[in-house]
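Beneath this line is the structure, given in structure tokens, with notes to follow.
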Amino acid sequence: MKVYKFGGASVKSADGVRNLRRIVDGEENLFIIVSAMGKTTNALESVFTHMQNRRKREAADEIKRIKEYHASIVDDLWGGHVEIEAVNRLFGELHDIAVDTVYRAADAELWYDTIVAYGELISTTIISEYLEFTGIRNRWIDMRAAFVTNQRHKDAYVNIKVSEPRLKAATENTGVGVFVGQGFIGAAPDGTTTTLGREGSDYSAAVAAYILDAESMSVWKDVDGVLNADPKIFKDAVKIDALNYLDTIELAYSGAQIIHPKTIKPLQNKNIPLYVRPFGDKSKPGTVINGEAEHVTLPILIYKRNQVLLTIRSRDFSFVMEEKFAVIFSLLDRFRIKTNLINNSAVDLSLCVEYSWHIDELIKALNDENFSVEKIDDVELLTIRNYTDELYDRYASDQDLLVRQSNPASVRVVLREAKF
Ligand code: ASP
Ligand code: MG
């Protein structure tokens with residue numbers, strides 16, 4: 001079995017879907033994991049925000065736009081107007097949930113997951129039907145039935161032991177060789193839908209590869225492979241031919257948009273190679289990630305926007321030490337806030353965290369624990385691994401720096417607004 005994962009950008013249009021079909025054509029033992037089409041997850045996040053703010057009309061309008069977007073892809077694929085009943089049913093459910101349900105703030109994450117999961121449910125339904133329509137027999141798999149996760153909405157982990165027999169049962173002795181499942185989603189032990197974290201489809205594919213003992217996993221992307229920097233921001237980005245698992249985890253963790261950070265562990269545990277390949281050209285080799293590749297020594301630039309800098313200080317002026325750290329990090333965990341950089345001095349702790357709608361609640365909880373918190377919104381984090389003085393000067397030295405942290409392997413700076 002091979003596992004292929006197609007991200008949202010690769011299926012954002014009818015051409016993208018036709019291209020997916022070309023890539024999978026002729027494969028006989030294949031599990032395909034697909035993300036939501038294009039920017040659908042972002043659009044569904046807006047539906048959720050409207051629901052949170054009780055804006056029913058706006059939620060309904062946004063759903064209508066999402067529906068029209070998918071309908072135009074379907075019509076193009078089928079070469080004329082068609083209604084896919086299963087797709088209409090999914091849109092009907094989504095509308096009922098987002099517009100006709102009484103929202104309770106205490107269940108924010110649960111509603112978020114329930115709503116955003118429709119992006120993948122809809123994309124996979126369309127793709128499975130299209131493959132069937134064009135002669136590729138396949139089976140649509142509801143990953144909410146296959147993947148049991150922990151009871152943690154918005155950032156769940158798959159419980160592999162419990163999920164293994166389910167996914168195997170769904171794929172064994174079916175007489176079918178091609179399977180289409182959703183990335184990004186699963187279900188908690190209580191049966192409610194969970195999501196695995198934004199961009200989590202890679203992780204879904206890795207877990208499927210692990211359970212199905214896949215010979216390889218491929219991620220088809222709109223780039224030639226893994227590059228050493230985002231080519232949209234940094235000129236001179238170059239492709240890396242091979243990476244080992246450890247370097248890949250480090251890079252993903254620092255925010256490189258290679259692959260979701262949770263993806264590597266399941267693959268590494270069974271030594272399954274991961275190929276990052278350009279969906280525009282199946283003949284290009286892309287980048288291989290495995291256990292054997294040499295450690296990368298070329299500079300790598302990772303730039304993350306949408307960060308918040310929190311400087312936390314104990315009000316009683318005691319040193320921020322272990323027990324205080326424990327309180328602070330358990331609150332970060334409780335509010336699901338992702339920390340990207342930690343910098344501490346004797347009296348304060350600075351955290352560069354991912355923007356989240358829970359930050360003000362976190363600050364309130366920290367205040368209750370007798371910490372004062374200073375917050376700077378909208379900051380950016382630049383990491384240069386294997387840096388040189390020349391690169392540091394070029395990209396970091398002229399910026400409005402708030403934090404600078406370095407070690408022999410990398411330099412990381414938090415800045416107000418990068419001018420590259
Ligand atoms: N559709 C989800 C997202 O955009 C998951 C993914 O793309 O991997 O975050
Ligand atoms: Mg996506």
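Counting starts at 1 for both ligands and their atoms, following the listed order.
- Close contacts of ligand 1 with F184, meaning ligand atoms under 4.0 Å from a residue heavy atom, involve 2 (C), 5 (C).
- For R412 and S406, the side-chain atoms include no donor-acceptor pair closer than 3.5 Å.
- Figure legend: K2 and F31 shown without cation-pi pairing, the cationic atom not lying both under 6.0 angstrom from the six-membered ring centre and within 45 degrees of its axis.
- Distances from ligand 1 to the non-hydrogen atoms of G8 include no value under 4.0 Å.
- More than 12 heavy atoms of other residues, nucleotides or ligands sit less than 6.0 Å from atom NZ of K56.
- Near T41, the atoms of ligand 1 lying under 4.0 angstrom from a non-hydrogen atom of the residue are 1 (N), 2 (C), 3 (C), 4 (O).
- Listed by number with element, the atoms of ligand 1 under 4.0 angstrom from any heavy atom of E120 are 1 (N), 2 (C), 5 (C).
- Under a cutoff of 6.0 Å and an axis angle of 45°, R404 and Y392 form a cation-pi pair.
- Legend: side-chain hydrogen bond (donor to acceptor under 3.5 Å, both in side chains) pairs involving residues 170-188, not counting sequence neighbours, sorted by first then second residue: T124-Q182.
- Taking only nitrogen or oxygen atoms, main chain and side chain alike, D202 does not reach within less than 3.5 Å of ligand 1.
- Because its NZ or CZ atom is both nearer than 6.0 Å to the ring centre of W357 and within 45° of the ring axis, K154 counts as a cation-pi partner of that residue.
- With ligand atoms numbered from 1 in the order given, ligand 1 contributes 3 (C), 4 (O), 9 (O) to contacts under 4.0 Å with heavy atoms of R198.
- Of the listed residues (A117, S201, S204), the one carrying the non-hydrogen atom nearest atom 6 (C) of ligand 1 is S201.
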